[in-house]
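Working notes for the structure below.
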Number of protein chains: 2
Amino acid sequence: MVTIYDVARQAGVSPATVSRVFNGIKVTPDRVEAVKRAAAELGFVPNRNARRLRTSSSEIIAMMVPDIENPFFTVMTRAVEDLARAAGYSVMLCNTDDDPGREQEYLRVAVSDPVAGIILVPSTRTTDLSLPLERGVPVVCVDRRAPGGLVDSVVADNVAGAQAGTQLLFDAGYHRVACVTGPEQVETALERLEGYRAAYRANVRDEPPSDYVQRTEYTIAGGEAATRALLALPHPPDAIFAGNNKLASGVIRVLAELDSLPPAVGVVSFGGLPLVLLTPQGIMVTHLPPRSLGTTAAEMLLERIQGLTEPPREVVLPVVVGDEESGLAVIEGFTAR
Amino acid sequence: MVTIYDVARQAGVSPATVSRVFNGIKVTPDRVEAVKRAAAELGFVPNRNARRLRTSSSEIIAMMVPDIENPFFTVMTRAVEDLARAAGYSVMLCNTDDDPGREQEYLRVAVSDPVAGIILVPSTRTTDLSLPLERGVPVVCVDRRAPGGLVDSVVADNVAGAQAGTQLLFDAGYHRVACVTGPEQVETALERLEGYRAAYRANVRDEPPSDYVQRTEYTIAGGEAATRALLALPHPPDAIFAGNNKLASGVIRVLAELDSLPPAVGVVSFGGLPLVLLTPQGIMVTHLPPRSLGTTAAEMLLERIQGLTEPPREVVLPVVVGDEESGLAVIEGFTAR
DNA sequence: CTGTTAGCGCGTTCAA
DNA sequence: TTGAACGCGCTAACAG
């Protein structure tokens, strides 16, 4: 392995000078030239590990998401990577599958690396952040609020978005609007349910019947099961508010199977459907802003890495109805009314 | 920062013993116990940079893909991450956007890290691998063959797959089958074109007319433009073989716009369409095996990291027609016939 | 089995 | 502005 000592000898300078050249510290021009030539001849590549050990810094940002295969997190991750690279950082990808054990394992890896910072989608509202907190590794939570409000977070306005989404269904003339949302321990599921309830109350002047609220895993299968259950009720709903894109997929699939696609049964998906070529007519979508979430989280993390010491901040991004920020393709004339 | 020296003092042993405990090297049980307790009390987390510097090793695998937002690469990356984690490695995500400059930049980063190994989707057939090669960093190419055959690679059988896909259209009764594929410098585009040609020749007993072959960027916009061009021909095709999923999306969107979806104009997409909820009837899909590609590449890389010194290997995975390995959801009754 | 010692490659003092 | 010398935290070699 070629080191700064080899380069120094070849260039006839000291190792310290080589180091300075590679760190942009003032050195006489002709020496800079000599060092650069020597480095090129020897194929010198600086060893980042030595650098990191010495400076106890790193140029890696850990990105911890439930599952990169969910397009929502894919887009968010890509946004983070773009900003990170522009700032000279690399991104370490960690899929937690919303498993707190896996999450802690990754936090331990990130802390012992140690990475420059962490962007985290917390798996629960009680995720233990003491590992990074104790070691002073900055954390920014995204999509879900920081446990205990201990660190910065960037979230979408789930309550308002869900309320607006549910309202779309009432506005379209549906009356018996049900809700399929995620499990108890997931914060976004709770907030979206709250938004749904608010809209329901505002339109019906009553609480939704308890069997109109289905809570299940954030999966396609969960959406399917919940939809079957709803349609089997004595007084089945005539419209469904789906709490995320996977649930909506399940809802739509079952409705298609039962030949009950909109307008027979109205549907709103909270969060854009993944690259839908031909959105079935009448399905309405509330767009979450994954790219903005990622960009904002990355910006906030970079500020923290650069030493910002303000108390934890919370940014709430608006949820847009009918926006295309998510980059999803929708064909005119085939899209939602 | 708590170091092994702090733990050693607290536990009444030497730093080397602490190191041994954390590396699973034989130590008397009660000392192990003492070290573990001391470490827990002090909140000790080993510093990987120091370890890496000392052992000149790393537990990071660099995953270089054109764009993580393409579901094909998303799935592949997830497969890699799963295997990597199981083997104790982390994954560094690098989006090259098929830009050779970006690719070299990332290779430089990976080499100077230095990472344990690299999984690369080469942006061109002439990508320069000398950086990792000189520094002895193992590289496995995936989806596209290794430039110069210098390292291992795992690819799909594009020629046979494209031939089979095109054949589907002839079998369905179409006669004037056109092809939309990717740009010259991309190897997969070339191979898929070759498969298309073979199928065309076998059925028509002639070469396809030159204006039936459209070469464009692997983008939705490219697919759209190519489709418009094809349909504007004096003798327009009655079916289109699309060389990848993005092209197919463009094709389908234009056909939908012109009210010429199958069966009016037949379509085969090479590669699964991204989480298509309701695949328009009659669109046929040839499934690439992104998960297998990722898994195989990761396995081969791990072998290289462990010191395997065989000459470069090339694995060709079969392309399956009608398979669902890609994890894409297709509704029964709405899927391809 | 354990402790002592000596670097891994680099950045940063401190003097010159 | 430059070079010599030190040490980041850890593990490999050695001696005990």
Side-chain angles (χ1 to χ4, degrees), chain A residues 1-36 38-39 42-60 88 108-116 134-137, chain B residues 1-36 38-39 42-60 88 108-109 111-116 135-137:
Chain A
M1 171 167 286
V2 185
T3 74
I4 53 170
Y5 289 87
D6 303 316
V7 176
R9 201 171 334 107
Q10 173 106 354
V13 299
S14 79
T17 299
V18 178
S19 169
R20 290 184 184 111
V21 169
F22 276 85
N23 287 289
I25 295 171
K26 191 76 186 161
V27 170
T28 331
D30 50 337
R31 296 194 173 218
V32 173
E33 188 53 37
V35 168
K36 285 195 171 165
L42 298 174
F44 169 73
V45 179
N47 183 319
R48 295 200 178 208
N49 280 327
R51 177 179 212 290
R52 290 200 269 248
L53 177 57
R54 183 58 235 247
T55 61
S56 65
S57 75
S58 152
E59 336 68 32
I60 296 177
R108 182 167 294 279
V109 169
V111 162
S112 75
D113 203 280
V115 299
E134 282 166 10
R135 304 278 288 208
V137 177
Chain B
M1 172 166 288
V2 184
T3 75
I4 53 170
Y5 288 88
D6 303 317
V7 176
R9 201 173 332 109
Q10 173 109 353
V13 298
S14 79
T17 297
V18 177
S19 170
R20 289 187 185 108
V21 169
F22 276 86
N23 286 290
I25 295 171
K26 191 76 188 161
V27 170
T28 331
D30 49 336
R31 296 194 169 212
V32 173
E33 187 53 37
V35 168
K36 285 194 170 166
L42 298 174
F44 169 72
V45 179
N47 182 320
R48 295 199 176 209
N49 279 326
R51 176 178 214 289
R52 290 199 270 249
L53 177 58
R54 184 58 236 246
T55 61
S56 64
S57 75
S58 152
E59 337 67 33
I60 296 177
R108 180 167 296 279
V109 169
V111 161
S112 73
D113 204 281
V115 300
R135 303 278 288 209
V137 177

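We name chains A, B, ... by the order of the sequence lines, and we start the count at 1 in each one. Basis for what follows: all heavy atoms, side chains included, without hydrogens, waters or symmetry-related copies.
Comparing B:P15 and B:A50 by the nucleotide of DNA chain C that holds the closest heavy atom to each, the one mapping nearer the 5' end is B:P15. The residue among A:I25 and A:M1 whose nearest nucleotide of DNA chain C is located toward the 5' end is A:M1. Nearest-nucleotide positions on DNA chain D for B:Y5 and A:G12 put A:G12 closer to the 5' end.
In this structure, of D:dA12, C:dT12, D:dC6, it is C:dT12 that holds the atom nearest to the side chain of A:A16. Of the candidates C:dG9, D:dG3, C:dC10, D:dG3 carries the atom nearest the A:R20 side chain, counting heavy atoms from C-beta on. Nearest nucleotide to the side chain of B:N47, out of C:dC10, D:dC10, D:dT1: D:dC10. Closest to the side chain of B:I4, from the set D:dG9, D:dC10, D:dT1, is D:dC10. For B:S14, whose side chain is taken as the heavy atoms from C-beta onward, the closest listed nucleotide among C:dT4, C:dC10, D:dT11 is C:dT4.
With rounding to the nearest 0.5 Å, the separation of CD in B:E33 from NZ in B:K36 is 7.5 Å. Taking OG1 from B:T3 and CG from B:L42, the interatomic distance works out to 9.5 Å, rounded to the nearest 0.5 Å. B:R20 contributes atom CZ, which lies 6.0 Å from atom OG of B:S14 (distance to the nearest 0.5 angstrom).
Distance, A:L53 CG to C:dC10 C1': 8 Å, rounded to whole Å. To the nearest angstrom, C1' of C:dG9 lies 15 Å from CG of A:L42. In this structure, B:D113 places its CG atom 15 Å from P of C:dG9, rounding to the nearest Å. Per the geometry, CG belonging to A:D6 stands 9 Å off P belonging to C:dG9, to the nearest Å. Residue A:F22 contributes atom CZ, which lies 12 Å from atom C1' of C:dC10 at whole-angstrom precision. Look at CZ on A:R54: it is 18 Å from P on C:dG7, rounded to the nearest Å.
Checked by atom type, the side-chain pair B:R52/B:S58 shows no donor-acceptor distance below 3.5 Å.
Put simply, the side chain of A:R48 does not reach to within 4.5 Å of the side chain of B:N49, judged on heavy atoms.
Backbone-only engagement by A:F44 is indicated by non-hydrogen atom pairs under 4.0 Å involving sugar-phosphate atoms exclusively. Counting any heavy atom pair closer than 4.0 Å across all strands shown, B:R52 reaches no nucleic acid atom. Counting non-hydrogen atoms under 4.0 angstrom, B:S19 reaches a base of the nucleic acid. B:N49 comes within contact range of no nucleotide atom at all, as no heavy-atom separation falls under 4.0 Å.
Phosphate proximity of C:dG3 to B:T17: present, with a side-chain N or O under 4.0 Å from OP1 or OP2. For A:R31, a side-chain nitrogen or oxygen approaches OP1 or OP2 of D:dG3 to under 4.0 Å. Taking 4.0 angstrom as the limit, A:T3 places none of its side-chain polar atoms (N or O) nearer than this to OP1 or OP2 of C:dG9.
Not one N or O on the side chain of B:S56 forms a donor-acceptor pair closer than 3.5 Å with the backbone of B:L53.
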